[in-house]
Student: 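The structure is given below, and queries will be raised subsequently.
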Amino acid sequence: MIKKTLTLFLMFIAFAINAQNASVDINSIKKGNKYFWGQSPVYDTYDKAKSKATELMYNHIVENYDAHPIDLGIDDFDSHMKKIMITLEKKISYRRKIHNVVRDTKNDKYECLAYISKSDFDEVCKERAEDIQRLVNIGQNKESEHNMTDALRAYYWGMMSCLAHPYGKILKIEVDGEDVMAYSYLEERVTEVLGTFTFSISKENPGEFNDEGISVIMNVRADDNDVSGLQIKYYNGVDDYVKTMVDNGKVQMQLMSQDVSEFDFKIEYDFSHHIISHPEMKVIMDNIDKIIIKENVNREFNLTPYIKYLNGSVDAKTETKQESKKETAKAPLLTDKEMYFLKVMKEIEQAFRVKNYESVRKYFTNESFGMLDTLVRNADITVVGNQQYELITCGNTTICRDIDLKFQFRNYASFIREVVFRFDNESKLITSLAFRLSSIAENDIATKNKWNNDCKLALVNFLEDYQTAYALKRYDYLESIFSDDALFIVGHVLKKNENELKDIKQFKLPAEEVELLRMDKNSYFERLSKVFKSQEYINIRFTETDFKRQLISSDEEGSNGEDIFGVRLLQEYHSTTYGDVGYLFLMVDLRDTKRPVIHVRAWQPDKVDLSKLVNLKDLE
């Protein structure tokens, strides 16, 4: 009994001492000069008390921090600073502390103190400054690669991040070894990059008259390179502005009258359609007024000189016949088989135009017609402009490039892809179809002077099949081309409240909000099955590419002695609810081109030297 009483007494003393220490801590936090803090009233739930304390802590920062935000006509300084605090909330949450002043669960009474040291808040501001420097570096790298779309996005998002910085007005960044004012530099780069985009209409493929009005096809280039991923908003000639996407140097605009002689459009420079996969930028854009760029954004185009070239006009037919005669005189004579393939392609093109796909079933194998059926099932597909075909013979296959198709989905997302068709030379049937690689990726392969043409085409075909398999959700095909012991490293840009996958080794990169998952084949395809079921569309595009080739002889029956490749690609991934851009590495065995085998699939947000990724000799 005495021992029990003594124990209770000592517990009471300890509790009293802890309570006293807690009281001392609170007083030192509130009365000292080292913290920003906020203390809530008593609430009936802990979450209410915590939220209010955090809000009051933000108010304390706003009132006492020596801030120098960028002034773009801000009427209410305190209101703007509070918005900046919201954009910094996630960074602050890693350093902010919550103290329970009152925690009476029995009577539902809660009172919280939220606080952060001033030195920790300085670190938060430093992190945002580092984010801005990183965006500047990305923009510079993309400019050097002539990828003006991604350069524009990086620079504009850098501007928005400056606007969401407590001392954005005086913030400096490093450019070419010198410190310069961040916002002024970024503003200049945005304007100059916007000026590099050129829009033109070709006489060969200007578009066409249709039942709705005029379908205009514009060619979009920057620094003499085809542009992809740039969003355009144009006036349709009647009563509405419509958004559309530039893809592989082309963009289609549907004008709702055949009497339109000129139209205007603008470049959507904020890339708001990408922020779903960039949570921190989404918070910035949701809370900070967007910066309005005026120079090099709005464009006007006079359609009058091109009207006569539109499909269906008398002038177009006359001039087309004249041009056709000239081209026929220059062009090599086609074989009967090639003429047959071109005839089939024109019938397929017409089938796309009138949406009568059964009429061309006889030209496909069962498998390839299944691919066509999947292609047209979930999207409204239209043929973009006049088509010009190119035939390439590779072994027993003839590849026909290509039909330009626009895919329009229910959620107003749309994109243009060039679809290639592959004929078997013996049966003359189409055995497969695929989305053509981007011109950048094709050129990267074509310039490998030491590779023979069969090797180049084998790699092109594989990459086209790979990206198309995701678009068509060809689960069985993808499963068949990965080896049973394949290594998968999957990258995913994190969003709040993401359900973590269990039994998978995870690597998180907080600064980039990226999660890297190491998986085996079964785990990867279990995950992929869920993705396929949940997404209306998946659109993958490969742009910047690099290759490492390992010559390996093979005595296996049916093998043609082709090579094993290490392939690094800049992958643009967009789906109904998610999108990201990152580097995909594939180790693929193409010794048997009919049965490619992938041994490694790894994704990461940043570029790594290809020679450091994997030693291809490991597969010998």
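The first residue of the sequence shown is numbered 1, and numbering continues consecutively from there.
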Student: Do the ring planes of Y235 and Y241 sit parallel (below 30°), tilted (30 to 60°) or perpendicular (above 60°)?
Tutor: tilted

Student: Is K362 reaching over with its side chain to a backbone N or O of L429, donor-acceptor style, under 3.5 angstrom?
Tutor: no

Student: Could you go through the side-chain contact (heavy atoms from CB on, under 4.5 Å) check for M245 and I416 one step at a time?
Tutor: CA-CA 8 Å; M245 189 75 71; I416 296 174; over 6 Å; no

Student: For a quick test of reading the model, state the closest non-hydrogen atom pair linking V376 to I381 and the distance between them.
Tutor: CA-CD1, 3.5 Å

Student: Give the minimum heavy-atom separation between L459 and V567, together with the two atoms involved.
Tutor: CD1-CG2, 4.2 Å

Student: With a 4.5 Å limit on heavy-atom distance, are the side chains of V600 and L586 in contact?
Tutor: no

Student: For N302, I'd like to know if atom CG has over 12 heavy atoms of other residues, nucleotides or ligands within 6.0 Å.
Tutor: yes

Student: What I'd like to find out is whether the side chain of K250 reaches to under 4.5 Å of the side chain of N219, using heavy atoms alone.
Tutor: yes

Student: Distance-only, no hydrogens or angles: does the K243 side chain make a donor-acceptor pair with backbone N or O of I232 under 3.5 Å?
Tutor: no

Student: Over all heavy atoms of both residues, which pair between M371 and L433 is shortest? Give the atoms and the distance, please.
Tutor: CE-O, 3.1 Å

Student: Are I540 and Q571 packed together at the side-chain level, in the sense that at least one heavy-atom pair is separated by less than 4.5 angstrom?
Tutor: yes

Student: Do any N or O atoms from the side chain of N225 and from the backbone of D223 form a donor-acceptor pair under 3.5 angstrom?
Tutor: yes

Student: Taking C-beta and beyond as the side chain, do V216 and F263 meet within less than 4.5 Å on heavy atoms?
Tutor: yes

Student: Any heavy-atom pair between the side chains of Y357 and F364 that's under 4.5 Å?
Tutor: no

Student: For I392, is there any backbone N or O sitting under 3.5 Å from a side-chain donor or acceptor partner on T398?
Tutor: no

Student: Test salt bridge (Lys or Arg N to Asp or Glu O under 4.0 Å) on K343 and E338 and set out the steps.
Tutor: CA-CA 9 Å; K343 170 183 170 294; E338 289 172 331; over 6 Å; no

Student: Compare all side-chain heavy atoms of L230 with those of F197 and state whether any distance is below 4.5 angstrom.
Tutor: yes

Student: Looking at every non-hydrogen atom in both residues, tell me the closest pair between A151 and G139 and how far apart they are.
Tutor: CB-O, 3.6 Å

Student: E347 and S359: side-chain donor and acceptor closer than 3.5 Å?
Tutor: no

Student: Quick one: do R353 and E208 make a salt bridge, cutoff under 4.0 Å?
Tutor: yes

Student: Without swapping roles, check the side chain of E212 against the backbone of S257 for a donor-acceptor pair under 3.5 Å.
Tutor: no

Student: Would you check, one step at a time, whether the test side-chain contact (heavy atoms from CB on, under 4.5 Å) holds for M218 with I201?
Tutor: CA-CA 5 Å; M218 299 201 79; I201 294 179; 4.2 Å; yes

Student: Mark yes when over 12 heavy atoms from residues, nucleotides or ligands other than E300 sit less than 6.0 Å from its CD; otherwise mark no.
Tutor: no

Student: Any idea how F525 and F488 line up, ring-wise: parallel (<30°), tilted (30 to 60°), or perpendicular (>60°)?
Tutor: perpendicular

Student: Before you tell me yes or no, could you show the steps for F369 and Y363 under ring pair (Phe, Tyr, Trp, His ring centres under 6.0 Å), namely the whole-Å CA-CA distance, both residues' side-chain angles and the distance that decides it to 0.1 Å?
Tutor: CA-CA 9 Å; F369 190 79; Y363 299 125; over 10 Å; no

Student: To the closest 0.5 Å, what do you measure between CZ (F532) and OG (S575)?
Tutor: 11.0 Å

Student: Using the ring of F423 (Phe, Tyr or Trp, six-membered ring only), decide whether K428 places NZ or CZ under 6.0 Å from its centre and within 45 degrees of its axis.
Tutor: no

Student: Could you go step by step and tell me if F407 and F435 meet the ring pair (Phe, Tyr, Trp, His ring centres under 6.0 Å) rule?
Tutor: CA-CA 12 Å; F407 297 80; F435 289 166; 5.6 Å; yes

Student: How many angstroms lie between atom CG of D589 and atom CD1 of I598, to the nearest 0.5 angstrom?
Tutor: 10.5 Å

Student: Do you know the tightest heavy-atom contact between P596 and L590?
Tutor: CB-CD2, 3.7 Å

Student: If you apply the rule side-chain contact (heavy atoms from CB on, under 4.5 Å), what do you find for T545 with L570, and how did you get there?
Tutor: CA-CA 6 Å; T545 58; L570 181 58; over 6 Å; no

Student: If you define the side chain from C-beta out and look only at heavy atoms, does anything of K530 sit under 4.5 Å from K533?
Tutor: no

Student: Is the number of heavy atoms from other residues, nucleotides or ligands within 6.0 Å of CG (D336) greater than 12?
Tutor: no

Student: Using a strict threshold of under 4.0 Å (side-chain N to carboxylate O), is an ion pair present between E358 and R361?
Tutor: yes

Student: Could you check whether any side-chain N or O of N205 sits under 3.5 Å from a backbone N or O of N386, counting only pairs where one atom can act as donor and the other as acceptor?
Tutor: yes

Student: With side-chain contact (heavy atoms from CB on, under 4.5 Å) as the test, would you mind laying out the steps for Y470 and V531 before giving the verdict?
Tutor: CA-CA 10 Å; Y470 282 87; V531 170; over 6 Å; no

Student: Kindly indicate whether the side chain of W603, heavy atoms from C-beta on, has any atom under 4.5 Å from the side chain of Y573.
Tutor: no

Student: If we check salt bridge (Lys or Arg N to Asp or Glu O under 4.0 Å) with R436, which of these qualifies: D402, D465, D247?
Tutor: D402

Student: Check for a donor-acceptor pair, side chain of Q254 on one end and backbone N or O of N236 on the other, with a separation under 3.5 Å.
Tutor: no

Student: Salt bridge or not for E464 and R422, using N-O below 4.0 Å?
Tutor: yes

Student: Does a side chain donor of either D424 or S427 reach within less than 3.5 Å of an acceptor in the other side chain?
Tutor: yes

Student: Hey, are K355 and D380 close enough for a salt bridge, meaning a charged N less than 4.0 Å from a carboxylate O?
Tutor: yes

Student: State, to 0.1 Å, how close Y309 and P206 come at their nearest heavy-atom pair, and which atoms those are.
Tutor: O-CG, 3.4 Å

Student: Can you tell me how far the CG atom of L310 sits from the CD atom of Q258, to the nearest 0.5 Å?
Tutor: 9.0 Å

Student: Give a yes or no on whether a salt bridge exists between R221 and D226, defined as a side-chain N under 4.0 angstrom from a carboxylate O.
Tutor: yes

Student: Out of curiosity, T244 OG1 to Q408 CD, how far, rounded to the nearest 0.5 Å?
Tutor: 7.5 Å

Student: How long is the straight-line distance from CD of E192 back to CE of M148, given to the nearest 0.5 Å?
Tutor: 9.5 Å

Student: Would E526 and K521 pass as an ion pair if we require N to O under 4.0 Å?
Tutor: no

Student: Between T576 and E536, is there a donor-acceptor pair closer than 3.5 Å when you use the side chain of the first and the backbone of the second?
Tutor: yes

Student: What distance separates D150 CG from Y155 OH, expressed to the nearest 0.5 Å?
Tutor: 11.5 Å

